[in-house]
Amino acid sequence: MHPYRTHNCGALGLDNAGTTVKLSGWVHRKRDHGGVVFIDLRDHYGLTQIVINPDVPFFSEAERVRNESVITIVGEVVKRTAETINPNMDTGEIEVVATDFIMESFVEETLPFTVNQELECPEETRLAYRFLDLRRERMHKNILLRSKTCALVREHLVAKGFVEYHTPILTSSSPEGARDYLVPSRVYPGQFYALPQAPQQFKQLLMVSGFDRYFQIAPCFRDEDSRADRSPGEFYQIDMEMSFITQDDLFAELEELMVRLFRELSNKTIAAEVFPRIAYRDAMEWYGTDKPDIRYEMKMIDCTDIFQNCELKVFSHQAAAGGVIKVLNGKGAAERPRKFFDDMERYARGEGAKGLAWLAVRDGEVKGPIAKFISDDEMRQLLERTGAVEGDALFFGAGQADETRELLGKVRQLLARQLDMIDQNLVSFCWIVDFPMYEKNPDTGQIEFSHNPFSMPQGGMDALLTKDPLDILAYQYDIVCNGIELSSGAIRNHRPEVMLKAFEIAGYPESEVKTQFPALWKAFHYGAPPHGGIAPGLDRMVMLLADEPNIREIIAFPLNQRAQDLLMGAPNYVSQEQLDELCLEINLPPEETPTV
RNA sequence: GGAGACGUAGUUCAGUCGGUUAGAACGCCGGCCUGUCACGCCGGAGGUCGCGAGUUCGAGUCUCGUCGUCUCCGCCA
């Protein structure tokens, strides 16, 4: 017989009754009746009830066993009597009556939290004992889901003719983007590698190398502060790139992958399998953000013209001064108590608004603090344009265009939550397309790339030569799901002369393009195919599939918010020998000198 | 770098208006129990109320500071 097991803890059923088996696993729970002890034995695969009868030599040892100890038992599989069947257990029709018992690993310490029930506990403790946390059902499931997601991505893309490549982890620091993680070179003292923020240039080089369809579940490293949906340090992208494709080709390819992932790995309903495309400008106009949650409709409606001459000075002054008046129709909000409207206004003020005017259509009348300042004609136009009917409430934002859109966009999200408009079982994708190539830095007035500098401008060289830079659009797109930006992508600029001109507009001289991006610059002179790609964030995908609000819940060993690994003790000081070998000297600011 | 929320037993929480010895459940230790499946019953141990100062006759409770955790802003081409 195998030293540890003949079956796993989820495998046994009525078919095995009467046979002798060996099982190993963790003590999930113990029920000691004095005369008989029941142990629910758990492993990766499931739970099996073990029965310890009082006449066995190891009875007292089994009675002493504590939860989470690892044991091996030999025993006979017995069909349970009708009254003792447990329908809540996959193996509930049988039990194993133990004839031998080996303590593999006894738990001596008090557990820092319970493994057999999923109580909330401080995340710090969970991270410090991650190996215990990962035994719990929720985390165990999440990590498995992550694995299934990777497996399905690979299976799908390989079947579609994609090839997975590895690209370097030790590479060069890139001039744009986030802060780099640096790795000192021993061979070249004073010089550094950087960990890749994304394999962007490598995947483009692979296309120039004649490989047609690239993908990689690629680790990316960015030294930026964390958020609930942003792990500090490292994360993974489903990185893709294709040659000789149009934007439409890429959209179709990605839609197929996303739909398959959600259909096979979640129970969610996919709102539309061909994802709606929203121009960047429209997204800002309607939703006040470039990552709208379109699980609910509720667009912002422009009513600036209606209030040109309004008695309400807040409105008419803004309209006259080039500002805008935007309105949200909160369907069904009119029945809410006054406190609801006060809370909405308090939220808006907290976000920097001067106030949040509102009107409620109730009992055939339009009520609210500003109602008496609005003329009958203005009111008629307002109701017509917003489609407000009995039971609806209108919320107003007035001010400078960008700020007002952004503010009301936030109000829109809160309103949708408060009014229970979000179908939690829905996944609603959209493409945000036609991003501007450039934007003006509000502080410096400089023209800068608004996204990826390697994107192809729409209209090509002609557009760069003839158009106002701020009017030029790029073949640059985002995929957004339920208000979360999953990825950016682009059809790339593969023509060196267009690349030079694009960088020139953003203030980069020719010499700088050649020295900052030597690989692509050189490669594009030796026959570069038109190409494009995208890189959906794997972690955020798994978050959506698992319905988890925090990215750390779908990573086995995440860093905490302050970018520390509490289990391994990283980051940490290194020895003087290691520093000497790298010709590095530590120069801490005085207040941060370690006290050890 | 900035803002907010939180911090009471190993864990989850309660703790009234500032007032006697800070409670409960789970876990842990001991005892009882032969059919439970979140087993049950009896008993016990376990607390620098994050830390420090202040107000007060008296602080878990009020004030200030500080540390920690999380969330958000900045940042993330």
Side-chain angles (χ1 to χ4, degrees), chain A residues 28-42 47-56 59 63-64 66-68 78 80-89 91-92 95 97 107-129 132-133 136 174-180 197-198 200-201 220-233 235 350-352 410 435 437-439 441 443 448-455 474 476 478 485 488-490 502-503 506 508 516-517 535 537 549-552 560-562 564 566:
Chain A
H28 188 64
R29 197 172 272 126
K30 184 184 70 178
R31 292 176 294 281
D32 184 353
H33 290 245
V36 62
V37 176
F38 298 98
I39 290 172
D40 291 340
L41 193 64
R42 183 195 73 234
L47 278 175
T48 301
Q49 174 163 282
I50 311 298
V51 183
I52 318 276
N53 282 314
D55 52 354
V56 294
F59 184 78
E63 239 186 337
R64 272 203 341 270
R66 284 166 56 167
N67 288 348
E68 297 310 309
V78 174
R80 295 203 204 180
T81 60
E83 320 84 70
T84 59
I85 286 174
N86 184 348
N88 301 320
M89 253 172 123
T91 61
E95 60 196 2
V97 180
V107 171
E108 314 207 3
E109 307 288 334
T110 300
L111 296 172
F113 48 81
T114 58
V115 173
N116 60 18
Q117 46 181 320
E118 312 261 329
L119 288 173
E120 291 292 317
C121 77
E123 192 172 13
E124 194 179 7
T125 314
R126 293 177 53 202
L127 291 176
Y129 293 88
L132 283 178
D133 192 31
R136 307 212 284 184
S174 62
E176 306 244 348
R179 220 173 279 116
D180 282 316
Q197 295 186 20
Q200 180 66 36
Q201 297 189 57
C220 303
F221 305 89
R222 295 177 192 174
D223 185 4
E224 297 296 339
D225 290 336
S226 74
R227 287 289 182 277
D229 64 352
R230 198 167 82 202
S231 188
F235 61 97
E351 292 295 326
K410 289 177 181 169
F435 274 85
M437 185 82 185
Y438 301 100
E439 63 192 6
N441 183 318
D443 299 328
E448 297 177 349
F449 287 112
S450 66
H451 261 73
N452 188 323
F454 304 120
S455 301
Q476 166 83 41
D478 280 3
E485 183 192 319
S488 285
F503 273 91
Y508 292 83
Q516 302 276 33
F517 309 101
N550 191 293
I551 200 163
R552 290 184 295 273
N560 68 8
Q561 193 191 330
R562 302 207 309 161
Q564 296 166 303
L566 298 175

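Just so we're on the same page: letters track the sequence lines, and every chain starts at 1.
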Span that lies between the P atom of B/G52 and that of B/A14, in whole angstrom | 24 Å
Flag the pair A/R31 and A/D40 as a salt bridge only when some basic side-chain nitrogen lies within less than 4.0 angstrom of an acidic carboxylate oxygen.
-> yes
Using atom C1' of each nucleotide, how far apart are B/G2 and B/C75 to the nearest Å?
-> 12 Å
Could you work out the separation of B/G47 and B/G58 based on their P atoms and round it to a whole Å?
-> 26 Å
Across every strand shown, the nucleotide meeting Watson-Crick or G-U wobble geometry with B/C37 (both distances under 3.5 Å) is none
What does A/N452 touch in the nucleic acid at a heavy-atom separation under 4.0 angstrom: a base, only the sugar-phosphate, or nothing?
-> sugar-phosphate
Return the nearest nucleotide to the side chain of A/T110; candidates are B/C33, B/C39, B/G27.
-> B/G27
Using the P atom in both, what is the distance from B/U63 to B/C70, to the nearest Å?
-> 26 Å
Return the minimal non-hydrogen interatomic distance between A/S455 and A/A474, and the atom names on each side.
-> CB-CB, 4.2 Å
What nucleic acid atoms does A/N550 come within less than 4.0 Å of, heavy atoms only: base, sugar-phosphate, or nothing?
-> sugar-phosphate
On a whole-Å scale, what distance lies between the P atoms belonging to B/C62 and B/G1?
-> 29 Å
Counter-base of B/G44, judged by Watson-Crick or G-U geometry with both distances under 3.5 Å | B/C28
Any donor-acceptor pair under 3.5 Å linking the side chain of A/R230 with the backbone of A/F235?
-> no
Looking at B/U36, B/C29, B/G74, which one has an atom nearest to any side-chain atom of A/D225?
-> B/G74
With both distances under 3.5 Å as the test, what is the Watson-Crick or G-U wobble partner of B/C49?
-> none
Partner nucleotide, any strand, of B/U16 [Watson-Crick/G-U, under 3.5 Å] | none
How close do A/V107 and A/N67 get, heavy atom to heavy atom, and via which atoms?
-> CG2-O, 3.6 Å
Distance in angstrom units between A/E68 CD and B/C28 P, rounded = 11 Å
Relative to the 5' end of RNA chain B, which residue comes earlier, A/P54 or A/E83, by the nucleotide with the nearest heavy atom?
-> A/P54
According to a strict under-4.0 Å criterion, is A/Q49 in side-chain N/O contact with OP1 or OP2 of B/C37?
-> no
Answer yes or no for this row: A/H33 ring on B/C33 base, centroids under 5.5 Å, planes under 30°.
-> no
Exceeds 12 heavy-atom contacts within 6.0 angstrom, atom CZ of A/R64 | no
With no angle test and no hydrogens, is the base of B/C75 tied to the side chain of A/R230 by a donor-acceptor pair under 3.5 Å?
-> yes
Taking for each residue the nucleotide of RNA chain B with the nearest heavy atom, is it A/F113 or A/I85 whose nucleotide lies nearer the 5' end?
-> A/F113
Gap between atoms CD1 and P, on A/I39 and B/A38 respectively (whole Å) | 16 Å
What is the minimum heavy-atom distance between A/C121 and A/R126, and which atoms define it?
-> SG-CG, 3.4 Å
Partner nucleotide, any strand, of B/C6 [Watson-Crick/G-U, under 3.5 Å] | B/G68
Check every strand shown and say whether A/P122 touches a base, only sugar-phosphate, or nothing at a heavy-atom separation below 4.0 Å.
-> sugar-phosphate
Short side-chain N/O contact to B/U69 OP1/OP2 from A/R126, under 4.0 Å | no
Does OP1 or OP2 of B/U36 have a side-chain N or O of A/R31 closer than 4.0 Å?
-> no
Taking atom P in both B/G54 and B/C72, compute the distance separating them and give it to the nearest angstrom.
-> 38 Å
What does A/R64 touch in the nucleic acid at a heavy-atom separation under 4.0 angstrom: a base, only the sugar-phosphate, or nothing?
-> nothing
For A/D32 and B/C29, what is the distance between atoms CG and P respectively, to the nearest whole Å?
-> 12 Å
A/R227 side-chain N/O to B/C73 phosphate OP1/OP2 under 4.0 Å = yes
Touch check for A/R80, heavy atoms < 4.0 angstrom, all strands: base, sugar-phosphate only, or nothing?
-> base
Decide yes or no for A/P112 and A/L132: does some side-chain heavy atom of the first lie under 4.5 Å from some side-chain heavy atom of the second?
-> yes
Can you say whether the rings of A/F449 and A/F503 are parallel (under 30°), tilted (30 to 60°) or perpendicular (over 60°)?
-> perpendicular
Under 4.0 Å between any heavy atoms, over every strand shown, what does A/E124 touch: base, sugar-phosphate, or nothing? Just pick one.
-> sugar-phosphate
Do A/E95 side-chain and B/G35 base share a donor-acceptor contact under 3.5 Å?
-> yes
From CD of A/E123 across to P of B/G68 the rounded distance in Å is 16 Å
Send over the distance from A/Q561 CD to B/A5 C1', rounded to a whole Å.
-> 12 Å
If you look at every strand shown and take non-hydrogen atoms under 4.0 Å, does A/E120 touch a base, only sugar-phosphate, or nothing?
-> sugar-phosphate
Counter-base of B/G1, judged by Watson-Crick or G-U geometry with both distances under 3.5 Å | B/C73
State whether the aromatic ring of A/F38 stacks on the base of B/U36, taking stacking to mean ring centres under 5.5 Å apart and ring planes under 30° to each other.
-> yes
To the nearest Å, give me how far apart CE (A/M437) and C1' (B/A77) are.
-> 12 Å
Take atom C1' in B/C64 and the same atom in B/A59, then report the distance between them in whole Å.
-> 14 Å
Value in whole Å for how far the C1' atom of B/C37 lies from CZ of A/R29 | 8 Å
A/R552 with A/E123: basic N within carboxylate O range, under 4.0 Å = yes
Report which part of the nucleic acid A/N116 touches: base, sugar-phosphate, or nothing (heavy-atom distance under 4.0 Å, all strands).
-> nothing
Look at A/R222 and B/A77 and indicate whether a side-chain polar atom (N or O) is within less than 4.0 Å of OP1 or OP2.
-> yes
Which part of the nucleic acid, if any, lies within contact of A/E485, taking any heavy atom under 4.0 Å across all strands shown: a base, the sugar-phosphate backbone alone, or nothing?
-> nothing
If the C1' atom of B/G30 is compared with that of B/G50, how far apart are they to the nearest Å?
-> 33 Å
Remember a base hit wins even if backbone is also touched, and classify A/Q200 as base, sugar-phosphate or nothing at under 4.0 Å, heavy atoms.
-> base
Could you let me know what B/C62 is paired to, Watson-Crick or G-U wobble, both distances under 3.5 Å, or none if it's on its own?
-> B/G54
Under the 3.5 Å rule, do the base of B/G27 and the side chain of A/N67 count as making a donor-acceptor pair?
-> no
Please give, in whole Å, the distance from B/A77 P to A/R179 CZ?
-> 12 Å
Could you tell me whether the phosphate oxygens of B/U71, OP1 or OP2, come under 4.0 Å of any side-chain nitrogen or oxygen in A/R552?
-> yes
Is there a side-chain contact (heavy atoms from CB on, under 4.5 Å) between A/F38 and A/R29 once you walk through the steps?
-> CA-CA 8 Å; A/F38 298 98; A/R29 197 172 272 126; over 6 Å; no
